[in-house]
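The figures here come from the full heavy-atom set of this structure, side chains too, leaving out hydrogens, waters and symmetry mates. Just so you know, these numbers come straight off a predicted model, no measurement behind them. Lettering follows sequence order; numbering is per chain, from 1.
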Amino acid sequence: MSDLKIHDQPAYLQQLNEVQRQAVTTTEGPVLVVAGPGSGKTRVLTFRIAHLIQQGVPPWEILALTFTNKAAREMKERIERVVGERASRVWAGTFHSIFARILRIEADKIGYPSDFTIYDTDDTKSVLGAIITEMGLNKDQYNVNFLRNRISSAKSNLITPKLYRTRNDLLDEDHMAQRPRTVEVYEKYMARCKRSGAMDFDDLLLRMFELLQNHPDVCDKYRQRFRYLLVDEFQDTNFLQYAIVRKLVHYPGSPCNICVVGDDAQSIYGFRGATIRNILEFESDFKNFGIKVFKLEANYRSTEHIVQAANELIAHNTRQIPKTIYSQKGPGERIKLIRAMTDSEEGRRVADTILELKNRHHLRNSDFAILYRTNAQSRIFEEHLRHYNIPYRVFGGMSFYQRKEIKDLIAYLRLAVNPRDDEALRRIINYPRRGIGNTTLDKLGNLASQLDLTMWEALPRLDAGTRTNTLLQEFRHLIESFQQKAAQTDAYTAASYIAQHSGLLKELGADKTPEGLQRFENVTGLLDGIKAFVENDVLETGQEASTDRSLAAYLQNIALVTDLDQADDDGDYVTLMSVHSAKGLEFKSVFVTGLEEQLFPSYLSLDSPEAIDEERRLLYVAITRAEQFLTLSFAHSRYRYGQQRMCEPSRFLSEIAPEHLDQTSPHGSLSRAPFGRFENRMGPRSTQTQSAPPRSGVSGNFKKPRQQTLRADPATFKPSPPEAIQPGMKVLHLQFGEGKVLKVDGARDKRVATVFFPDLDTDQEKRIMLKFAKMQIIS
DNA sequence: AGGGCGCGATTTTTT
DNA sequence: ATCGCGCCCT
């Protein structure tokens, strides 16, 4: 901050160090930002976008691609803080959601309906299962998980079925693996998805690439449109994602305003196709466009021992971008090492250490994270935390949207929007049971592939005997009535009609076991979420006003959302998660556990140097999550697969200089007094979504306002017509109480009022979409 | 059509 | 140990 011209600069630029500032203000031409952990990466990215807008770039000409919805949301929020509402016009989102949006617009050009269905991993496996059954293949040999991986990685490397056929190396591999017909499965799979009007996650990328490749006019349109392109976590991109990015910016005469931000040392998703080469070779790829490289090496997160240990560790990797991360926070404490005899002792001592640190440094539960390589390790920590009454929350595991009952209802909803969705149909044609058994289903499947139709289309042509025919016809009428509802009413009306008339609610309601009750609640929770989607009148930060409240719109919203995105951050609990899930997070105190050979590094990585390097990066990520206190732990024996096994300390431990480690026993006088309230999740393997109903995909924030004096009574509440609402008026909002209208902008359906609600304790200023507003004018 | 039993697998995971 | 799946029996 020694720049003399500092006072001439906008406030946001003054919050940056020299390198960061250059990375933000070098707006033209290709830029690579190598961002070490805790180096202010997100700040650079968001300020850069804000800066572009301040410089007069129209927000809609900026495309920012991320990997998670959470990252995209945070980015938009932070941009809005600098440039205000204009932020909502920036195209910021995940690769998948942005491309889905474009593909829906351009759907007709690639022979898809614009309301195409998005298949998740389960749907994909189910399609593959049907194909191998139909082809009469052995399902151990042609294992669906293998096939899914193989196809996914082919797509991620831009290998279409046609190209696959020409690739002798791949065909040979399949032959050697006794799976010579893999390419046929791949072809059939693609054809089926197309026929069903469905795309899987990889297709969203592949079809995007093909759209740009095969339609020069469309390609030009988006090249013109997105004059400025930014990519977050670039080290996690796969070949296909990079190919799309290149397509958009790498062409003769391109202004080539692309900025990629990432850290090769934090590339930990190689197993799902991410290729570290993208970032390593980015510089040479854009040399001709005059690329500038900025390295953010100042770490504002962690103390010196932690940063240096991380540096030493990662120095053992080959192939990396040279950089030296240095701490800005003083030496701090040494890294504690726990050597335990057993996994159970490890658990106990981690819990002990948490109590001790809480005591000595006045930390909150939420300042702690326990990280592990595999999710199976969480159980022991849970037991010990429970024993000490330390509240905790386990991340990972089954998400809300993966639960069977949720997927069942969603399958009905999907079918109502797109009856060609074979996977949805297969899932619910006989659930709840309506006498359409496997025999009939097989016949239907065979007929469909014979006629090259979807099952829905083949349904009326199937003759399965008088009795079954009647049942099938009833089913058709049922779905047709759902289709009608979906087309004519809003998402909630349609969904509750469907939940009721499909018999799903009745079926679930009949089960009075605790699990059955939970399932019923999950489904009603989903319906509540849909209701919130329909009634939602609050325009979230960075959101564009959208007035579509149809079932189709709802499904499009949830298809690319996980409930990890909506993890509520209130509550004081210790975080338990895998190292992978911890990426991007930070905690005052971090425990990295199970540092043993075969576990961390994983036994599956032992025979490949590249895989070991990725494990090392994984540990690098884990270590650099810690701000002040880092504890590493391992056990000499551990139960694995029901057997107690001896284990060796991880090789990675010896790669950290002993001077950073504090190996003295942490046990002085330890208070065993229980801290915190007992508020653990119910079961040992619970997830963070235990009881929380999902929030609407569009809006999120439904914090209940405090009960205050001026609260609307739903019984007497009469919403005023939206047209009547004008700036300066006092209004009563059904949810937020009394408020004052500050301004109204937008036109017709998209009118948005900015209202100040004094009764709320946070986010008092809300942007309310008047079309859906539940507000009554007081004066 | 559904329940029960036995066998095999079991890193990490956004979208 | 634990869970999911597939097969077989009722």
Nearest-angstrom distance from the residue atom NZ of Lys404(A) to P of dC3(C): 18 Å
Under the ring-ring contact (aromatic ring centres under 6.0 Å, His included) test, residues paired with His316(A) that sit two or more places apart: none
Where each residue is assigned the nucleotide of DNA chain B containing its nearest heavy atom, which of Ile268(A) and Phe95(A) is assigned the position nearer the 5′ end? Ile268(A)
Could you list the residues that satisfy ring-ring contact (aromatic ring centres under 6.0 Å, His included) with Tyr603(A), not counting sequence neighbours? none
Tabulate protein N/O versus nucleotide N/O from nucleotides 7-11 of chain B, keeping only pairs under 3.5 Å, one per line.
| unit_1 | atom_1 | unit_2 | atom_2 | d |
| --- | --- | --- | --- | --- |
| dT11(B) | OP1 | Tyr603(A) | OH | 3.1 |
| dT11(B) | O2 | Arg373(A) | NH1 | 2.6 |
| dT11(B) | O2 | Arg373(A) | NH2 | 2.5 |

Kindly indicate, with the supporting measurements, whether the criterion side-chain hydrogen bond (donor to acceptor under 3.5 Å, both in side chains) is fulfilled by Ser581(A) and Ser578(A). CA-CA 5 Å; Ser581(A) 324; Ser578(A) 70; 2.7 Å; yes
Protein-nucleotide distance (Asp200(A), atom CG; dT14(B), atom P), rounded to Å: 16 Å
Does Arg246(A) qualify as a cation-pi partner of Tyr242(A), given the criterion of NZ or CZ under 6.0 Å from the six-membered ring centre and within 45 degrees of its axis? yes
Quick one: Asn145(A) CG to dT12(B) C1', roughly how many Å, whole number? 14 Å
Given atom CD1 of Ile118(A) and atom C1' of dT14(B), what is their separation to the nearest angstrom? 13 Å
Answer with base, sugar-phosphate or nothing: what part of the nucleic acid does Asn430(A) contact at a heavy-atom distance below 4.0 Å? sugar-phosphate
If the condition is salt bridge (charged side-chain N to carboxylate O under 4.0 Å, His left out), which residues does Asp421(A) pass it with, not counting sequence neighbours? Arg414(A)
Those residues at least two apart in sequence (or on a different chain) that pass side-chain hydrogen bond (donor to acceptor under 3.5 Å, both in side chains) with Arg640(A) are none
Please report, rounded to the nearest Å, how far the P atom of dT13(B) is from the NZ atom of Lys70(A). 14 Å
Which comes earlier along DNA chain B counting from the 5' end, the contact point of Asn438(A) or that of Tyr269(A), where each point is its nearest nucleotide? Asn438(A)
In whole angstrom, what separates Glu614(A)'s CD from dT13(B)'s P? 13 Å
Interatomic distance, Leu65(A) CG vs dT14(B) C1' [rounded to whole Å]: 14 Å
Between CG of Asp442(A) and P of dA1(B) the distance, given in whole Å, is 11 Å
Looking at residues at least two apart in the chain, or sitting in another chain, which of them share a salt bridge (charged side-chain N to carboxylate O under 4.0 Å, His left out) with Glu586(A)? Arg301(A)
